[in-house]
Trainee: 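This is the structure I have questions about; it appears just below.
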Amino acid sequence: MSKFYVTTPIYYVNDAPHIGHAYTTILADVLARFHRNAGDQVFFLTGLDEHGQKVMQAAQKRGMTPQAHCDDLAPRFTNLWTKLDIRYDDFVRTTEERHKRVVRDVLQRVFDAGDIYLNEYEGLYSVAEERFITQTEFDSGQFRDVKMLKEKNYFFKMSKYQKQLVDYIETHDDFILPIHRRNEILGFLKQPLGDLCISRPKSRMDWGIEIPFDKDYVTYVWFDALINYISIPGYLYDDAKFKQWWPADVHLIGKDILTTHSVYWTTMLFSLGLPQPKTIFAHGWWLIGDSKMSKSLGNVVNPLDLIEQHGIDAVRYYLMREMVLGSDANFTPESFIKCYNSDLANDFGNLLNRVSGLIGKNHGGIIPTLGTLTPAEEDIKARADALPKQVNAAITAFKVQEAVVAAIEFVRVLNKYMEVQAPWKLAKTDMPGAERVLATAASGLRLSATLLLPVMPDKCAQVLDILGSPDGKIKLHPPLFPRIEVET
RNA sequence: CGCGGGGUGGAGCAGCCCGGUAGCUCGCAAGGCUCAUAACCUUGAGGUCGUAGGUUCAAAUCCUGCCCCCGCAACCA
């Protein structure tokens, strides 16, 4: 038995959650559930990033104080997580004192260690990005709201750790995944790394955590936010807890925030003398019908709509089944319906109906016991024995799609087995044979449901309840995944 | 030389890091079954894995060149 500490990014509270937030969080939940089922001690942390300029602006626009704005939006996230069946172990809000005190302490420590210095800087500042940009970046034309700004600020000596970071990445294969992201970062690190501006003068922006050694400044939102990964497990305040959980096993992130995690965060940890997380995993984006999801295009998918129509488990299944971790995936209602009908209705749900129906009709509703195996059952059993290992290996390698596919393929094997053995025929001539087949199918279905439990907690629990145990009585049930009929 | 992603049977994809007879789902055709959510099962048609070279006994997979497609104001996993 080991421990598993998984994090999601803490989401920036300037708007309502969308499918992207939901995806990352569901992914974390699925991994967490797999590890819990494997007997691991699990700590699953998610939460909200509530400081920074954009939050302040969003609040101003609504005529609210930043805190009131955050307090208003926070339940929209937590309520969604409830609806999505997310079982996190802790939920951090960066405006909480238990987080802020650690950020202040970290700033002080890094400062005392000589890794923070004050410097006057004049340069191009992107209001939108909340940071100074280089001339090259400005020339790219990708930044708006750029103005010349001259001010004193505190800088973190990121450059000091560049070599150490490169060495670390090169000697730790699983540190940044997938591999192409690792190469991307190594490529980025071939250029000299600058230092990171980590302060904002209150005169310009005061919605943040005050820097302990200079009350005229608050700290940069990323320097604040990243620390949640250690503040919540008790860094500096609960040694036992911190020792138990840190380093994290995986920081799940979207590919857009790879640099902040693999460069900013890692060098911060070096400065603190803390071990690095085992893995930083950057997944891809959900594209909506081949284009990026964006609010201005109006194609942002609200996960709640889908859930209301088809149930949370189907949505969780689709998201895990469809995206190869690390690549982008395409979200369309059509592909959702295909995936649902094919895997869940026709294969999984239908197999349950076949098995439970036959047991009900021919065997008095009592789930038969196995009896003597024939080669056909030996074959099923061999596959069944191999399956959990296969699924666990896939999960360990962050190949969630593979794990899900392996489980559903086994369901197809069972459907085929049923077809070949035809227990509905055997019932007329060979009752023990019919029982043997149905017992095998029921047991296989229980295994599939057990393996898919992390992905579809509710539906799989229902399957396990319906099929109970050998010798038990099946429960009557409506179709678990009614087919979605598409009107043409 | 801006950055990144991608080009695999009709559609959507996996495989590529760790070379070894090209796989899945959907669709299509024929057949089977009839317990089941018009679901299930079998067989078949259909691909020189963008392209030109290279390495190798062997390349979708590694290397090099080229072509084509997509995304890149803000929001944002």
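In the text below, chain A, chain B and the rest are named by the order of the sequence lines, each starting its count at 1.
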Trainee: Out of B:rA77, B:rG4, B:rA36, which has the shortest distance to the side chain of A:R181?
Mentor: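 Looking only at side-chain atoms, A:R181 lies closest to B:rG4.
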
Trainee: Identify every side-chain donor-acceptor pair in residues 391-402 of chain A under 3.5 Å, counting partners at least two apart or on other chains, and give the distances.
Mentor:
residue : atom : partner : partner atom : Å
A:N392  : ND2  : A:P388  : O            : 3.3
A:T396  : OG1  : A:N392  : O            : 2.7
A:Q401  : NE2  : A:R321  : O            : 3.4

Trainee: Got a sec, which pairs hit side chain to side chain donor-acceptor pair (under 3.5 Å) with one end in residues 464-474 of chain A, sequence neighbours left out?
Mentor: A:D465-A:K475

Trainee: Would you give me the side-chain donor-acceptor pairs under 3.5 Å for residues 404-417 of chain A, sequence neighbours excluded?
Mentor:
residue : atom : partner : partner atom : Å
A:R412  : NE   : A:D347  : OD2          : 2.9
A:R412  : NH2  : A:D343  : OD1          : 2.8
A:R412  : NH2  : A:D347  : OD2          : 3.4
A:N415  : OD1  : A:R354  : NH1          : 2.9
A:N415  : ND2  : A:D347  : O            : 3.4
A:Y417  : OH   : A:E377  : OE2          : 2.4

Trainee: Base, sugar-phosphate, or nothing for A:N346, non-hydrogen atoms under 4.0 angstrom?
Mentor: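 Result for A:N346 = sugar-phosphate.
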
Trainee: Counting only pairs under 3.5 Å, give me each side-chain donor-acceptor contact of residues 170-177 of chain A, with atom names and distances, residues two or more places apart or in other chains.
Mentor:
residue : atom : partner : partner atom : Å
A:T171  : OG1  : A:D167  : O            : 2.8
A:T171  : OG1  : A:Y168  : O            : 3.2
A:H172  : ND1  : A:Y168  : O            : 2.8

Trainee: What residue pairs, at least two apart or across chains, pass side chain to side chain donor-acceptor pair (under 3.5 Å) with a residue in residues 70-82 of chain A?
Mentor: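 Listed once each, the pairs are A:R62-A:D72, A:Q67-A:D71, A:D71-A:R93.
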
Trainee: What pattern of brackets, bars and dots sums up RNA chain B from 5' to 3', given Watson-Crick or G-U wobble pairs under 3.5 Å, [ ] for crossing pairs and | for another strand?
Mentor: .(((((((.[[[[.)....(..]]]].(((((.......))))).....[[[[[..)....]]]]])))))).....

Trainee: Report the residues that fulfil ring-ring contact (aromatic ring centres under 6.0 Å, His included) with A:Y23, sequence neighbours left out, ordered by chain and then residue number.
Mentor: A:H283, A:W286

Trainee: Set out, line by line, the N/O atom pairs under 3.5 Å between protein and nucleotides 28-33 of chain B.
Mentor:
residue : atom : partner : partner atom : Å
B:rG32  : N2   : A:E419  : OE2          : 2.9

Trainee: Mind listing the residues from residues 399-412 of chain A sitting with a heavy atom below 4.0 Å of RNA chain B? Number order is fine.
Mentor: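 The answer is A:K399, A:R412.
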
Trainee: A:K425: what forms a side chain to side chain donor-acceptor pair (under 3.5 Å) with it, not counting sequence neighbours?
Mentor: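 Once residues adjacent in sequence are excluded, A:K425 has no partner under the side chain to side chain donor-acceptor pair (under 3.5 Å) criterion.
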
Trainee: For RNA chain B, which residues in residues 249-258 of chain A have a heavy atom at a distance below 4.0 Å?
Mentor: A:I253, A:G254, A:D256, A:I257

Trainee: Among residues 67-77 of chain A, which contact RNA chain B at a heavy-atom distance under 4.0 Å?
Mentor: none

